[in-house]
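The structure appears right after this line, and notes come after that.
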2 protein chains.
Amino acid sequence: MDTRDKILAAAKQLILKVGYNAFSFTDISVPLGIKNAAIHYHFHGKEALGCAVIRKEHENLFKWREEVAALDPWTKLDKFFTIYDSNLVHNRICMVGSISSDLYAVPKSMRECLHSMVVDISQWLTELMEEGRNTGFFHFNGSAESKAAVVVTGLAAGLQISRVLGPELFEQIKTQIKLDITPTKDDN
Amino acid sequence: MDTRDKILAAAKQLILKVGYNAFSFTDISVPLGIKNAAIHYHFHGKEALGCAVIRKEHENLFKWREEVAALDPWTKLDKFFTIYDSNLVHNRICMVGSISSDLYAVPKSMRECLHSMVVDISQWLTELMEEGRNTGFFHFNGSAESKAAVVVTGLAAGLQISRVLGPELFEQIKTQIKLDITPTKDDN
DNA sequence: AAACTTACTTACTCATAAGTAAGTAAACAA
DNA sequence: TTGTTTACTTACTTATGAGTAAGTAAGTTT
């Protein structure tokens, strides 16, 4: 991993831990043993770095979707939960939760990067909900779109509130999300 | 409303709009036509101001709970949604979402203030879910506690993601939350 | 009326953080 | 071997923001 990737990785962790506005170039440069100006060599400025972090996250999601494409709806959902679990253990929240809660305190370009990522996640989850219902794996009332919305928000704010109340909360949320889409014997 | 209350109100709006770390004393003093030092007269510093804002929000919740105590579960839930609606129209998020997403970028004392508020909200919503199920107004599987967790997270992150995708999302989430606790004819 | 309190303002200090201009050492290319 | 690009560092500027010490004007109390 070269310096550029290390900077991107460090910036990502910091955004998920303290937020975009609360980290400084020094928070990145000191652990990496480089100088602040080295970050400016790789990225125009903090705004460009922030955008690059979001775009990379979006790309990773894209690749991940291809990897899980062939799996059944329950396994897909479980694997999706796992992404959030990896943040939970480090007291980090998700990218969407971090940037959207600081939305009017980040540059416009970052808002745009986040927008296309959120649209993408929502579409994917909506399709998963639709697919799961059509194949009889899931059962729920209402539109797949609004069900997907309840699922993402549960996970996003689940990470946030788990920092306050403890990680058990997140386990409860995952369990409840599943219960709320589990078919009962009456559903035919 | 005296200067102290105006400062508290302005600080609250700013925390819900841009977050604790992104607002400055000038953002408060200029609109109020006072000087930065006047804020320091009323509050020790930014940390004390932040705590005062959270505590006042917690007190308001306390009073609100008493006002709605006698209402039926569905009306209570609808009134609870209304609190979030009032933030939605101004592109503001909720206090819990704002502070918890910046949790490691705010002073420890503010984390403690938030903790007691979150515990209180969770307990109230859990009791509402339990009461609603016991009286046959609501139906859901799983514990009232985890159902309450899904509801708060839906609302908290619902406001956040609605800033990115638009206010229709929040309407969908409210509808879906209700659908997910609405009894069907088979539930006896 | 003298002393004290309230509610500020003026004028500043101190710290931090982003950003930049100029320099350098090593690798690579012509 | 000379020139050029890569990947930085050094040293600096500029801005902003929290915080503070000292002063003041308008009441309030004794």
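In what follows, chains are A, B, ... by sequence order, proteins preceding strands, each numbered from 1. Atom set for the values below is all heavy atoms of this structure, side chains included, hydrogens, waters and symmetry mates excluded. Not measured: the values here are computed from a predicted model.
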Nucleotides 8-18 of chain C: which of its N/O atoms have a protein N/O under 3.5 Å away?
| unit_1 | atom_1 | unit_2 | atom_2 | d |
| --- | --- | --- | --- | --- |
| C:dC8 | OP1 | B:Thr3 | OG1 | 3.4 |
| C:dC8 | OP2 | B:Thr3 | OG1 | 2.9 |
| C:dC8 | OP2 | B:His42 | NE2 | 3.2 |
| C:dT9 | OP2 | B:Lys35 | N | 2.9 |
| C:dA18 | OP1 | A:Phe23 | O | 3.3 |
| C:dA18 | OP1 | A:Lys46 | NZ | 3.3 |
| C:dA18 | OP2 | A:Phe25 | N | 3.0 |

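- Within the 3.5 Å criterion, the main-chain N or O of B:Phe140 finds a donor-acceptor partner in the side chain of B:Arg133.
- The stretch residues 105-132 of chain A participates, sequence neighbours left out, in these ring pair (Phe, Tyr, Trp, His ring centres under 6.0 Å) pairs: A:Trp64-A:Trp124, A:Phe80-A:Trp124.
- Under a 4.0 Å N-O distance rule, the pair B:Lys63/B:Glu66 does not qualify as a salt bridge.
- No donor-acceptor contact under 3.5 angstrom links the side chains of A:Ser146 and B:Gln172, judged on distance only.
- Using a 4.0 Å cut-off between charged nitrogen and carboxylate oxygen, B:Lys56 and B:Glu59 do not count as a salt-bridge pair.
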